[in-house]
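Below is one structure, written out as structure tokens; comments come after it.
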2 protein chains.
Amino acid sequence: MKTKRPTVRDVAREAGVSYQTVSRVINNDTHVSPATRERVMAAIESIGFRPNRAAQIFQTERSHTIEAVIFYGGFNRFLFEMAHTAHQLGYHFSISAISEDEFISSLDSASSRFVDGLLLIPMVELNVTYDDLQRLTDGIPVVQIGAPLGANIPSVIYAQSLGARLATQHLIDLGHRRIAEITGPALNYDARDRHLGYRDTLRDNGIPAGQSIAGDYSLESGYQAMATLVESGEPLTAVFVANDSMAMGALTALRERGISVPDDISIVGFDDIPEAAHFVPALTTVRQDFNLMGKTAIEYLVRLIEDEGAPIQQTVLHPKLVVRGSTAPPRT
Amino acid sequence: MKTKRPTVRDVAREAGVSYQTVSRVINNDTHVSPATRERVMAAIESIGFRPNRAAQIFQTERSHTIEAVIFYGGFNRFLFEMAHTAHQLGYHFSISAISEDEFISSLDSASSRFVDGLLLIPMVELNVTYDDLQRLTDGIPVVQIGAPLGANIPSVIYAQSLGARLATQHLIDLGHRRIAEITGPALNYDARDRHLGYRDTLRDNGIPAGQSIAGDYSLESGYQAMATLVESGEPLTAVFVANDSMAMGALTALRERGISVPDDISIVGFDDIPEAAHFVPALTTVRQDFNLMGKTAIEYLVRLIEDEGAPIQQTVLHPKLVVRGSTAPPRT
DNA sequence: TGTAAAATTGTGAACAGTCACACATGGTAT
DNA sequence: ATACCATGTGTGACTGTTCACAATTTTACA
């Protein structure tokens with residue numbers, strides 16, 4: 001029961017001009033009087049017209065699209081793996097890299113481009129509901145990578161708080177009792193869930209919360225945060241760092257101060273990036289497989305596209321702890 | 001003087017069937033007799049028909065495209081930056097991630113998708129000339145990222161051999177005379193040019209070439225290569241490693257063997273990835289700005305698209321040496 | 001062999017824009 | 001005043017494909 005999209009002719013009728021004039025307006029043609037343009041714009045707005053990009057490309061033989069041809073190989077794994085999976089399933093893969101304020105407009109133009117499915121990879125909390133999304137995108141299937149656990153939206157996530165629990169419990173099991181934390185950015189829900197997992201694990205073990213310093217997931221911020229932590233003078237024997245990049249920065253900060261890892265302080269990271277095994281010392285961390293997440297998300301999205309009845313679900317992948325050399329029992 | 005593309009009707013005339021039958025064939029519809037299908041396929045082949053994807057999308061309202069919506073932020077910088085630049089210039093950005101054998105088919109379907117421009121990011125030598133490319137893509141503008149210096153193709157490159165020269169000369173200036181090398185994959189022209197820069201610099205300084213071990217740019221291969229190098233027993237005081245990832249692996253291999261960097265052996269890398277400053281010791285390396293390269297390439301591509309007369313050129317960016325803690329004069 | 005069913009093939013129309021051109025109006029230079 | 005031009009607007013034709021349906025041929029089976 002899909003009502004058909006309004007066309008230039010509908011707009012023309014509404015605005016009392018010819019369809020050609022509407023065409024001129026949507027192409028920012030000169031030779032349209034300001035008054036007429038105004039009227040057409042109002043009509044477009046009022047009936048919710050979106051130009052049919054396929055028809056435009058068909059007619060003009062121009063798509064305004066640039067395609068990057070990349071050979072399968074080891075770099076830029078995440079986006080790359082998704083593109084590859086999409087291709088294997090018979091879909092083209094395009095990227096819309098936007099700032100947060102372009103979010104809405106990007107979604108609502110998707111339907112005019114006949115995008116079959118959208119993959120959302122937000123890094124901050126989206127304050128839109130699934131219903132909002134559906135309305136914005138005109139019902140185009142959406143799968144989100146990374147979302148709060150239990151969120152009512154088709155999504156693929158790693159259980160962040162579980163990962164944080166594994167990391168924190170590992171420290172506790174080693175005998176640590178003064179465990180600080182370097183968190184990710186506050187608006188990021190992965191970061192928040194990692195924080196909660198850390199906090200709850202301490203609480204469940206009857207251990208008081210340690211200091212918590214906020215970073216932004218960047219190498220530099222990890223370096224800064226660790227410096228702050230050390231210079232605060234607060235006693236601590238272990239730090240849970242919310243991602244591996246920050247952990248790398250943290251290790252540098254400790255090394256510069258002559259503090260030994262893991263003898264003086266144990267460090268646990270999160271993500272298990274390929275470099276983690278080569279940090280000094282090799283980093284104990286929580287493994288998430290981004291490629292798997294991307295692949296799973298694409299496959300699910302294609303299922304949603306091709307099977308109307310496919311259920312809304314959240315796929316929760318379980319991270320696991322990888323113990324290496326950056327953790328040890330505290331000095332006695 | 002563009003001859004217009006053949007359509008289903010042209011194919012139909014050629015094959016002696018109706019256009020609808022042609023449509024059935026290109027959509028893999030059942031209900032077409034094998035003989036007819038065969039005949040239509042031959043006709044398609046013979047007149048070089050490619051379905052007009054815009055018309056298909058227009059008609060079916062399905063694009064077979066998945067779009068990833070990514071927020072501007074620090075991750076996956078390279079593709080991301082290009083997508084962002086393209087958007088700012090009014091273009092959509094899509095990725096075609098292919099294996100080498102899909103290369104040709106990907107290029108020749110580009111014209112049927114009305115892609116306005118192609119960005120080639122090969123990681124191995126392409127054995128096609130610019131003319132071949134132009135013919136394959138039906139004249140669609142192409143810009144290649146990374147190519148041999150002086151190649152006759154629109155391209156944006158970093159002067160790889162210059163970078164290698166800077167690195168090697170730095171080692172020589174410090175007093176090193178036994179300088180080995182860990183190279184990238186042999187088929188990669190960046191890797192080859194880095195090797196040549198290294199070789200020529202030694203030659204120009206009248207220093208005999210050191211050992212050369214091939215890696216594949218991966219962390220692991222750097223680790224392996226350095227292990228091999230050390231265990232060969234050949235005396236050496238410095239190693240030029242063809243990229244930072246391998247250098248990281250190399251540092252690990254040395255550390256495991258109790259060999260001190262830079263006291264026993266100096267190491268120079270290539271790329272200056274963000275992590276390089278946090279290696280132990282911080283890595284002396286050659287800086288290339290990938291974002292700049294991506295941005296430059298997109299801007300040039302758009303110029304080629306929008307201005308027929310824009311000249312074919314190769315933009316050569318100059319890398320620079322970043323000296324950190326992994327290099328020092330050799331032990332006396 | 002007849003007849004229904006299935007398989008194969010063909011015809012007309014529709015999709016939503018843009019292009020080329022036509023036309024009307026009003027201002028300006030001669 | 002006349003011719004010319006710029007501006008603003010409208011009309012008809014066209015793009016290449018697929019859909020719905022019709023027509024024809026072949027197959028299956030009583």
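Throughout, protein chains are lettered first and strands after them, A, B, ... in sequence-line order, and every chain is numbered starting at 1. Reckoned from all heavy atoms, side chains included, excluding hydrogens, waters and symmetry mates.
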Whole-Å gap separating [atom2] ([N]) and [atom1] ([X]):
X	N	atom1	atom2	result
R39(A)	dG8(D)	CZ	P	14 Å
F114(B)	dT15(D)	CZ	P	13 Å
R13(A)	dT11(D)	CZ	P	14 Å
R62(B)	dG16(D)	CZ	C1'	19 Å
R53(B)	dT18(D)	CZ	P	12 Å

Selection residues 11-29 of chain B - residue pairs positive for salt bridge (Lys or Arg N to Asp or Glu O under 4.0 Å), sequence neighbours left out: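 Counting only pairs at least two positions apart or across chains, the salt bridge (Lys or Arg N to Asp or Glu O under 4.0 Å) contacts touching residues 11-29 of chain B are D10(B)-R13(B).
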Residue pairs involving residues 33-51 of chain B (criterion salt bridge (Lys or Arg N to Asp or Glu O under 4.0 Å); sequence neighbours excluded):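 Of all non-adjacent pairs touching residues 33-51 of chain B, those that pass salt bridge (Lys or Arg N to Asp or Glu O under 4.0 Å) are R50(B)-D108(B).
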Pairwise 5' ranking along DNA chain D for P34(A) and V22(B), keeping only the more 5' one: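 The residue closer to the strand's 5' end, by nearest nucleotide, is P34(A).
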Bending between helix ends of the helix from dT1(C)-dA30(D) to dT30(C)-dA1(D) [5 pairs per end, 10° resolution]: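 The end axes of the helix from dT1(C)-dA30(D) to dT30(C)-dA1(D) are about 30° apart, to the nearest 10°.
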T36(A) vs dT9(D): side-chain N/O to OP1/OP2 distance below 4.0 Å: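 T36(A) to dT9(D) OP1/OP2: side-chain N or O found under 4.0 Å.
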Phosphate OP1/OP2 of dC19(C) contacted by T60(A) side-chain N/O (<4.0 Å):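 No, because none of the side-chain N or O atoms of T60(A) sits under 4.0 Å from OP1 or OP2 of dC19(C).
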With T85(A) via side-chain hydrogen bond (donor to acceptor under 3.5 Å, both in side chains) - residues at least two apart: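 Here no residue qualifies.
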Set of side-chain hydrogen bond (donor to acceptor under 3.5 Å, both in side chains) partners for T129(B), sequence neighbours left out: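 Listed in chain order: D132(B).
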With sequence neighbours excluded, residues passing salt bridge (charged side-chain N to carboxylate O under 4.0 Å, His left out) with R62(A):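 Applying salt bridge (charged side-chain N to carboxylate O under 4.0 Å, His left out) to R62(A) gives D116(B).
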Contacts of R192(B) that satisfy salt bridge (charged side-chain N to carboxylate O under 4.0 Å, His left out) - sequence neighbours left out: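 Applying salt bridge (charged side-chain N to carboxylate O under 4.0 Å, His left out) to R192(B) gives E125(B).
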Nucleotides 11-17 of chain C: protein proximity per nucleotide (B base, S sugar-phosphate only, - neither; heavy atom, under 4.0 Å): BB-BBBB
Under-4.0 Å salt bridge between R5(A) and E61(B):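 No, R5(A) and E61(B) are not salt-bridged.
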Expected list for residues 149-159 of chain B: side-chain donor-acceptor pairs under 3.5 angstrom, two or more places apart:
unit_1	atom_1	unit_2	atom_2	d
S155(B)	OG	I153(B)	O	2.8
S155(B)	OG	Q314(B)	NE2	3.1
Y158(B)	OH	D289(B)	N	3.0

N/O donor-acceptor pair under 3.5 Å between T137(B) side chain and L107(B) backbone: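 It does not hold such a pair.
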